[in-house]
Amino acid sequence: MIKLFKVKEKQREQAENANGKPPVKKQSPGELRLHKDISELNLPKTCSISFPNGKDDLMNFEVTIRPDEGYYMGGTFTFSFSISPIYPHEAPKVKCKTKVYHPNIDLEGNVCLNILREDWKPVLNINTIIYGLYHLFTEPNHEDPLNHDAAAVLRDNPKMFESNVRRAMHGGYVGQTFFTRCM
């Protein structure tokens with residue numbers, strides 16, 4: 001009985017390949033939803049999206065944010081997005097590839113954004129996440145930090161925080177941590 005199923009499957013594969021084209025990979029529901037999200041993106045002019053692995057790998061892409069206001073104005077920050085096959089039922093994994101002095105982004109690139117954690121809902125989309133990331137740069141939040149040192153400086157001495165951000169973005173040390181230039 002099992003051999004019969006294998007023979008049938010092999011015949012189906014041969015029929016699919018007979019037209020000279022490679023077999024079409026069936027898209028997962030997550031890929032279909034992501035394709036829809038990307039086609040409907042309405043990015044601010046300060047944000048862009050790229051596919052370092054090519055357009056065939058929609059599940060992994062990068063978003064670059066160039067804030068035009070606030071402490072981080074003039075900087076360029078790149079985030080990697082890794083999308084699960086069960087998206088949108090699971091939030092995308094987002095990491096900041098640019099080392100940044102920020103209360104809501106730690107030195108390993110982990111991002112503290114509520115919609116990527118406990119507030120994720122399947123009705124949210126990639127556009128919402130990108131706007132949330134952009135908002136982190138225009139309004140850093142010292143009340144829910146990943147980088148506690150940066151949050152304390154922002155809370156207690158905003159002028160010193162601004163100075164530290166500038167030093168980090170120009171490429172330099174803040175405390176014992178070196179930041180590469182991102183302007």
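Computed over heavy atoms, backbone and side chain alike; hydrogens, waters and symmetry mates excluded. Throughout, residue positions are numbered sequentially from 1 according to the sequence presented.
You'll find the side chain of I105 stays beyond 4.5 Å of the side chain of C112, heavy atoms only. When side chains are defined from C-beta on, H102 does not count as touching N147, because their heavy atoms never get closer than 4.5 Å. The shortest side-chain heavy-atom distance between K99 and L107 falls under the 4.5 Å cut-off. M59 has its side chain within reach of E31: a pair of non-hydrogen atoms, C-beta onward, lies under 4.5 Å apart. Proximity of Y71 to P158: side-chain heavy atoms (C-beta onward) are separated by under 4.5 Å at one or more points. Looking at heavy atoms from C-beta onward, I65 lies in side-chain contact with P67 at the 4.5 angstrom threshold. Counting heavy atoms from C-beta outward, K93 and L116 have side chains that stay 4.5 Å or more apart. Side-chain contact between N60 and S80 is absent, with no heavy atoms from C-beta onward closer than 4.5 Å.
Side-chain contact of Y87 with D37: a donor-acceptor pair under 3.5 Å is present, judged by distance alone. One side chain, Y134 or D68, offers a donor N or O that lies under 3.5 Å from an acceptor on the other.
Applying the 6.0 Å contact sphere to NZ of K95 captures more than 12 heavy atoms from other residues, nucleotides or ligands. A 6.0 Å sphere centred on CE of M183 holds more than 12 heavy atoms belonging to other residues, nucleotides or ligands. In the displayed structure, D56 atom CG is contacted under 6.0 Å by at most 12 heavy atoms of other residues, nucleotides or ligands.
In terms of hydrophobic clustering, with Ile, Leu, Val, Met, Phe, Trp and Tyr side chains grouped at heavy-atom distances under 4.5 Å, V174 and M160 are assigned to a common cluster. A continuous path of ILVMFWY side-chain contacts below 4.5 Å connects V94 to I49, so both sit in one hydrophobic cluster. L133 and F51 end up in the same hydrophobic cluster when Ile, Leu, Val, Met, Phe, Trp and Tyr side chains are linked at under 4.5 Å.
Applying side chain to side chain contact (heavy atoms under 4.5 Å, CB included) to L43 and the options V63, N127, I126 leaves one that passes, N127.
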Run the salt bridge (Lys or Arg N to Asp or Glu O under 4.0 Å) check on D144 and R117 step by step: do they pass? CA-CA 13 Å; D144 188 19; R117 298 178 313 175; 3.1 Å; yes

Applying side chain to side chain contact (heavy atoms under 4.5 Å, CB included) to V111 and F79, what does each step give before you reach the verdict? CA-CA 10 Å; V111 180; F79 293 85; 3.9 Å; yes

Please report the C-alpha distance between H142 and F161 in whole Å, then the side-chain angles of each, then the deciding distance to 0.1 Å, and finally whether the ring-ring contact (aromatic ring centres under 6.0 Å, His included) criterion is met. CA-CA 11 Å; H142 64 80; F161 179 79; 9.6 Å; no

Verdict with reasoning, V165 to F137, per side chain to side chain contact (heavy atoms under 4.5 Å, CB included): CA-CA 11 Å; V165 168; F137 288 104; over 6 Å; no

After noting the C-alpha distance and the side-chain angles of N164 and V153, does the key distance pass the side chain to side chain contact (heavy atoms under 4.5 Å, CB included) rule? CA-CA 9 Å; N164 288 348; V153 175; 4.0 Å; yes

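Shown here are the ring-ring contact (aromatic ring centres under 6.0 Å, His included) partners of Y173, two or more places apart in sequence or in another chain: F178. For F81, the ring-ring contact (aromatic ring centres under 6.0 Å, His included) partners two or more places apart in sequence, or in a different chain, are F61.
Here the shortest heavy-atom pairing between P103 and A150 reads N-CB, 3.8 Å. Listed here is the closest heavy atom pair of S50 and P52: O-CD, 3.4 Å.
Rounded to the nearest 0.5 angstrom, S48 OG and L41 CG are separated by 11.0 Å. Separation of atoms CD (E139) and CG (N104) is listed at 11.0 Å; rounding is to 0.5 Å. How far NE2 of H135 is from CD1 of I115: 10.5 Å, rounded to the nearest 0.5 Å. Between the OG atom of S84 and the CD atom of E90 there is a distance of 4.0 Å, given to the nearest 0.5 Å. Within the model, atoms CG of D106 and NE2 of H148 stand 9.5 Å from one another, a figure rounded to the nearest 0.5 Å. Here the CE atom belonging to M169 is positioned 8.5 Å from the OH atom belonging to Y72, to the nearest 0.5 angstrom.
For R33 (side chain) and S28 (main-chain N/O), no donor-acceptor pair under 3.5 Å exists by modelled atom type. Judged by distance alone, with hydrogens and angles left aside, the side-chain atoms of W120 form a donor-acceptor pair with the main-chain N or O of P88 at under 3.5 Å. Under the 3.5 Å distance criterion, the side-chain polar atoms of N53 are left unmatched by any main-chain donor or acceptor of D57.
Salt bridge R166/E162: absent, no basic N to carboxylate O contact under 4.0 Å.
Aromatic ring orientation, F179 versus Y101: perpendicular (interplanar angle above 60°, classes split at 30° and 60°).
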